[in-house]
2 protein chains.
Amino acid sequence: MQMTVHEAPLSAPNCGNCQIRHRAVCARCETDELEALDSIKFYRSFEAGQTLLWSGDRMDFVASVVSGVATLTQVMEDGRTQTVGLLFPSDFVGRPGRDKAPYNVIATTDLLMCCFRKKPFEELMGRTPHIGQRLLEMTLDELDAAREWMLLLGRKTAREKIASLLAIVARREASLHLKVPQGRMIFDLPLTREAMADYLGLTLETVSRQMSALKRDGIIVLEGKRHVVVPSFDRLLEEAGDDADGGLVG
Amino acid sequence: MQMTVHEAPLSAPNCGNCQIRHRAVCARCETDELEALDSIKFYRSFEAGQTLLWSGDRMDFVASVVSGVATLTQVMEDGRTQTVGLLFPSDFVGRPGRDKAPYNVIATTDLLMCCFRKKPFEELMGRTPHIGQRLLEMTLDELDAAREWMLLLGRKTAREKIASLLAIVARREASLHLKVPQGRMIFDLPLTREAMADYLGLTLETVSRQMSALKRDGIIVLEGKRHVVVPSFDRLLEEAGDDADGGLVG
DNA sequence: TGCATTCTTTGATCTGGGTCAATGTGGCAA
DNA sequence: TTGCCACATTGACCCAGATCAAAGAATGCA
């Protein structure tokens with residue numbers, strides 16, 4: 001499927017020409033490979049809330065996120081929903097060698113994707129080993145992140161879950177924007193309370209309550225619903241219940 | 001680390017020479033590549049309960065399971081434990097390009113592993129593209145399995161969790177042993193109640209209770225603690241709460 | 001043959017987070 | 001400027017699964 005797709009400006013922000021602030025498949029490419037990538041890429045933009053792909057859809061491209069945030073989500077027949085991955089700028093989605101999307105892909109903010117047509121991308125992979133290596137590396141990172149999340153889903157309390165999510169978002173958002181000294185961090189949540197709940201295996205009410213509790217306890221300062229200030233990142237990590245925080249998400 | 005390692009018989013069951021009942025890295029290898037694999041492989045056997053690797057250990061080999069079952073397990077500082085992967089015969093463990101084990105690897109039954117020394121394995125990978133492809137494929141399978149499990153951990157009830165686990169074990173064990181007609185399945189659980197609990201994000205008491213409940217309801221027949229008969233596999237899948245059961249584990 | 005150990009089952013009780021319901025809030029459209 | 005709508009918070013109550021505790025198997029070993 002594909003819903004109304006907004007054409008993106010032609011001169012999209014540093015993608016394809018590898019001005020890597022987004023680490024992508026082309027991290028180590030030479031000029032000719034970059035040209036090859038350029039020739040098979042196109043941009044797509046989506047609005048917050050749009051579903052880019054439904055589970056089972058044919059997927060004829062692979063892509064990396066240029067800006068915005070998307071989720072990978074699984075839904076049971078009775079509607080129970082679990083988000084299984086968060087995509088931030090520079091994250092990759094799609095799998096060479098497979099042609100069906102295994103989950104719903106949903107934009108949780110306005111989103112710009114840099115897409116590569118799959119067939120030619122696979123051909124390029126065939127003659128450029130390091131792209132395959134990079135992909136394996138990225139997939140292993142995602143696997144580690146998924147397994148980290150399994151620990152969270154299976155064993156952490158609601159408060160720890162929220163703190164863990166905030167820590168991950170803080171890391172990812174902070175890496176994009178300004179850094180503030182002394183472990184202080186400021187960012188906007190790219191997720192609604194419901195989307196947070198779906199990622200954490202909670203209800204949105206519990207998310208809301210725990211957010212309030214963290215606020216009451218001074219772990220975070222909320223300005224509006226989405227804007228978060230973390231006075232001490234270390235303190236937040238303590239609440240998250242693990243210091244060995246892998247926390248790479250995909 | 002490495003604990004007491006029992007030397008395995010030299011003529012180990014069809015591994016390395018690719019008599020594939022265990023799909024492994026060498027699924028499509030030619031004679032010379034097989035010889036190369038042969039020259040860098042060795043066998044290790046472990047007893048039920050032994051920890052093969054501790055999280056953070058240097059891992060100088062990659063391996064595939066010949067017989068027996070192992071788990072990949074994460075532990076929080078306070079002891080809370082979550083199993084993040086189950087390894088059955090033919091499953092692969094280890095990651096080229098990385099040298100530390102990211103989880104504890106524990107034998108839950110007596111276990112025989114076919115190991116390949118990592119350095120030469122990576123070199124072989126370098127000059128044999130399809131091994132890398134195969135590895136990417138396997139890693140994507142594991143990722144799918146991990147994400148399937150995230151849905152289970154985040155959204156399924158205790159009964160559904162148990163049924164899902166039984167279904168997966170039944171599939172994997174049944175693929176090794178005889179097939180019984182008409183959806184009837186018979187197998188031995190390769191896990192203690194506690195190991196099941198760690199994989200499902202439950203306590204062992206809840207596992208025990210739900211096993212009793214499934215037995216009471218005729219979904220399974222228990223003979224002893226480990227031997228399970230599933231009169232109707234379809235019925236079991238219904239209890240698991242998903243028909244779209246990916247259920248590949250690793 | 002007996003007893004010790006490890007794994008498992010079962011019961012009684014407690015509680016974190018779910019459910020149901022009402023109320024608050026901020027942004028936008030008319 | 002009002003009123004709507006989507007999102008968020010808060011409260012009251014409940015229940016699935018955790019916790020605490022006590023018996024059963026099954027196995028091995030002296």
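Letters go in sequence order (proteins before strands), and every chain restarts at 1.
Rounded to an integer number of Å, the gap from B/Leu202 CG to C/dG17 P is 15 Å. One atom, CE of B/Met211, and another, C1' of C/dT9, lie 12 Å apart when rounded to the nearest Å. When the P atom of C/dG17 is taken as reference, atom CZ of B/Arg155 falls 13 Å away, rounded to whole Å. For the pair A/Leu214 CG and D/dT9 C1', the computed distance is 15 Å after rounding to whole Å. B/Lys215 places its NZ atom 7 Å from the P atom of C/dT9, with the value rounded to the nearest Å. A straight line from CG of A/Leu222 to C1' of C/dG26 spans 15 Å, rounded to a whole angstrom. Taking atom CG of residue B/Leu191 and atom P of nucleotide C/dC7, one finds them 13 Å apart after rounding to whole Å. Between the C1' atom of D/dG17 and the CD atom of B/Gln210 lies a distance of 9 Å, rounded to the nearest Å.
One finds a salt bridge joining B/Arg147 and A/Glu142 here, because a Lys/Arg side-chain nitrogen approaches an Asp/Glu carboxylate oxygen to under 4.0 Å. No salt bridge links B/Arg209 with B/Glu205; every basic N to acidic carboxylate O contact stays at or beyond 4.0 Å. Electrostatic pairing of A/Arg172 and A/Asp91 counts as a salt bridge here, judged by a charged N lying under 4.0 Å from a carboxylate O.
No contact: B/Gly49 has no heavy atom under 4.0 Å from any strand. Using a 4.0 Å heavy-atom cutoff across all strands shown, A/Ser208 reaches at least one base atom of the nucleic acid. Among the heavy atoms of the strands lying under 4.0 Å from A/Thr192 are primed sugar atoms or P, OP1, OP2 only; no base atom is included.
Phosphate contact (OP1/OP2 of D/dA8, side-chain N/O of A/Arg226, threshold under 4.0 Å): present. Put simply, A/Thr206 has no side-chain N or O that comes within less than 4.0 Å of OP1 or OP2 on C/dG16. Phosphate contact (OP1/OP2 of D/dG17, side-chain N/O of B/Arg209, threshold under 4.0 Å): absent. Residue A/Thr203 places at least one side-chain N or O closer than 4.0 Å to OP1 or OP2 of C/dG18.
Nearest nucleotide to the side chain of A/Thr157, out of C/dC7, C/dG17, C/dT9: C/dG17. Candidate nucleotides D/dA25, D/dT9, C/dT9 were compared by shortest atom distance to the side chain of B/Leu204, and C/dT9 ranks first. For A/Glu205, whose side chain is taken as the heavy atoms from C-beta onward, the closest listed nucleotide among C/dC20, C/dG11, C/dT8 is C/dC20.
There is a side-chain donor-acceptor pair under 3.5 Å between A/Thr73 and A/Thr83.
Between the side chain of A/Gln82 and the backbone N or O of A/Asp198, at least one donor-acceptor pair lies under 3.5 Å.
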